[in-house]
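The first residue in the sequence is number 1, and the count goes up from there. As the structure is a prediction and not an experimental result, all values here were calculated from the model.
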Amino acid sequence: RKLTETKTALKVVSTFLFAKGTKTFRALTVLCSRGYGEDAVILARSILENLICLTYIQNDESQHRAELFMYHSFIDRKEKDEQIKDDPFIREYKEKTNVKFDDDFEENYNKAIKMRKDECEKIKRAQKYGVDRYSWSCLSIRGMAIETGRKDFYYDQVYWLISQFSHLHRQSIQNTS
């Protein structure tokens, strides 16, 4: 879809992240009400990641960063397609359905690649953080949290704590016994 003056990348991304966060929060409350608090914490991590991303987007160069966020989906889709192209089931499905990327997709993909390359170069030149070439922003969640002044509490405390439930740690096992 094309962006217009009233439908800017920032508005689209902000609305998307807010709606996604709201929906995820509703799911989180259902899990908690049914006794699945530890599983709900995994969803809370997703909400926190969205908060950090949105804060990073709105912190500086917001239109540019929102476009980076939007266009990154083209990179994800193309790279995932490359990863699974040799799978026999996928290859057979593509041959039967004649599924392939159209010219608009390729144009958006190439734009996304250029935008990400330029952004990663800018991060490298600033030499503040390591470049995360898989991230839409070229920064890790930690790097975005640092950049927005949210590291000390949101990343070091809250994100660390809820990550204990997202990954199998000894502490998680002890808490369920």
Side-chain angles (χ1 to χ4, degrees), residues 1 3-32 36-77 79-80 108 111-172 174-175:
R1 293 186 182 146
L3 298 175
T4 63
E5 279 187 42
T6 56
K7 186 179 173 184
T8 66
L10 181 58
K11 284 183 182 178
V12 170
V13 170
S14 297
T15 302
F16 168 76
L17 288 173
F18 179 77
K20 180 72 176 137
T22 301
K23 183 179 174 186
T24 303
F25 182 75
R26 288 180 180 154
L28 181 150
T29 59
V30 169
L31 286 172
C32 286
Y36 296 101
E38 290 173 353
D39 297 299
V41 169
I42 295 168
L43 295 180
R45 178 180 166 175
S46 175
I47 294 170
L48 182 57
E49 288 172 350
N50 289 346
L51 169 70
I52 291 170
C53 286
L54 186 57
T55 304
Y56 178 75
I57 288 168
Q58 293 182 337
N59 196 45
D60 188 28
E61 300 179 20
S62 56
Q63 285 299 328
H64 172 71
R65 288 179 176 178
E67 285 182 21
L68 277 170
F69 184 89
M70 287 178 63
Y71 277 96
H72 190 72
S73 65
F74 292 99
I75 296 171
D76 275 347
R77 287 173 54 200
E79 288 177 355
K80 185 52 67 183
N108 286 322
K111 180 177 180 176
I113 289 292
K114 181 178 179 349
M115 289 174 72
R116 184 173 70 176
K117 181 180 179 227
D118 292 348
E119 189 69 14
C120 288
E121 286 299 318
K122 188 167 69 174
I123 301 277
K124 269 189 210 173
R125 279 193 306 274
Q127 296 182 341
K128 289 184 181 178
Y129 321 101
V131 173
D132 180 348
R133 67 182 195 92
Y134 298 107
S135 169
W136 66 269
S137 67
C138 300
L139 292 174
S140 64
I141 290 291
R142 181 180 186 275
M144 286 187 277
I146 292 169
E147 186 72 17
T148 59
R150 302 286 195 265
K151 181 186 169 291
D152 291 343
F153 179 70
Y154 286 111
Y155 187 84
D156 288 347
Q157 302 298 319
V158 178
Y159 194 76
W160 176 84
L161 181 63
I162 60 181
S163 291
Q164 301 305 302
F165 292 95
S166 297
H167 306 288
L168 293 178
H169 292 289
R170 184 180 58 78
Q171 175 117 12
S172 299
Q174 288 176 333
N175 289 339

K.L.:
Can you tell me which residue among Arg142, Lys151, Arg150 is in a side-chain hydrogen bond (donor to acceptor under 3.5 Å, both in side chains) with Asp156?
P.N.:
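So the option named by the test is Lys151.
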K.L.:
I'd like to know if the side chain of Thr148 reaches the main chain of Ala145, judged simply by a donor and an acceptor atom lying under 3.5 Å from each other, with no hydrogens or angles considered.
P.N.:
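Judged by distance alone, yes, a pair lies under 3.5 Å.
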K.L.:
Exactly one of Ile146, Leu48, Ile141 should register a side chain to side chain contact (heavy atoms under 4.5 Å, CB included) with Tyr155. Which one does?
P.N.:
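Result for side chain to side chain contact (heavy atoms under 4.5 Å, CB included) with Tyr155: Ile141.
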K.L.:
If you measure from CD on Glu67 to NZ on Lys111, what distance do you get to the nearest 0.5 Å?
P.N.:
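Reported to 0.5 Å precision, the distance equals 5.5 Å.
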K.L.:
Does the side chain of Arg65 come within less than 4.5 Å of Met144's, by heavy atoms?
P.N.:
no
K.L.:
For the atom pair CD (Glu147) and CG (Asn59), what is the distance rounded to the nearest 0.5 Å?
P.N.:
6.5 Å
K.L.:
Less than 4.0 Å between a side-chain N and a carboxylate O, is that true for Lys114 and Asp118?
P.N.:
yes
K.L.:
Of all the heavy-atom pairs spanning Leu28 and Ala40, show the shortest one and how long it is.
P.N.:
CD1-O, 3.4 Å
K.L.:
Quick one, Cys120 and Asp132 - any side-chain contact, counting heavy atoms below 4.5 Å?
P.N.:
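Side-chain contact under 4.5 Å: no.
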K.L.:
Which atoms form the tightest heavy-atom contact between Leu139 and Ser135, and what is the distance?
P.N.:
O-OG, 2.7 Å
K.L.:
Just verifying a value: how many Å separate Lys20 NZ and Ile47 CD1, rounded to the nearest 0.5 Å?
P.N.:
9.0 Å
K.L.:
I need the minimum non-hydrogen distance between Gln157 and Asp152, along with the two atoms involved.
P.N.:
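Taking Gln157 first and Asp152 second, the nearest heavy atoms are CG-O, 3.4 Å.
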K.L.:
Parallel, tilted or perpendicular for Trp136 and Tyr56, by the 30°/60° rule?
P.N.:
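Trp136 and Tyr56: perpendicular rings.
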K.L.:
Could you measure the distance from the CD1 atom of Ile123 to the SG atom of Cys138? Nearest 0.5 Å is fine.
P.N.:
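One gets 6.0 Å once the value is rounded to the nearest 0.5 Å.
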K.L.:
Can a salt bridge be assigned to the pair Arg116 and Glu79 using a cut-off of 4.0 Å between side-chain N and carboxylate O?
P.N.:
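So Arg116 pairs with Glu79 through a salt bridge.
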K.L.:
Answer whether the closest heavy-atom distance between the side chains of Ser14 and Gln58 falls below 4.5 Å.
P.N.:
yes
K.L.:
Any ion pair linking Glu121 and Lys117 (charged N to carboxylate O, less than 4.0 Å)?
P.N.:
no
K.L.:
When rounded to the nearest 0.5 angstrom, what distance separates NE2 in His72 from OH in Tyr134?
P.N.:
10.5 Å
K.L.:
Calculate, to the nearest 0.5 Å, the distance between atoms CD1 and CD1 belonging to Ile57 and Ile52 respectively.
P.N.:
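Ile57 atom CD1 to Ile52 atom CD1 measures 12.0 Å (nearest 0.5 Å).
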K.L.:
How far apart are the C-alpha atoms of Lys122 and Glu119, what are their side-chain angles, what is the distance that settles it, and do they pass the side-chain contact (heavy atoms from CB on, under 4.5 Å) test?
P.N.:
CA-CA 5 Å; Lys122 188 167 69 174; Glu119 189 69 14; 3.4 Å; yes
K.L.:
With side chain to side chain contact (heavy atoms under 4.5 Å, CB included) as the test, pick out the partner of Arg45 among Thr24, Asn50, Ile162.
P.N.:
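The option that passes is Ile162.
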K.L.:
If we only count heavy atoms from C-beta on, is the Phe69 to Leu17 side-chain gap below 4.5 Å?
P.N.:
yes
K.L.:
Taking all non-hydrogen atoms of both residues, which atom of Ala66 and which atom of Val13 are closest, and how far apart?
P.N.:
O-CG2, 3.5 Å
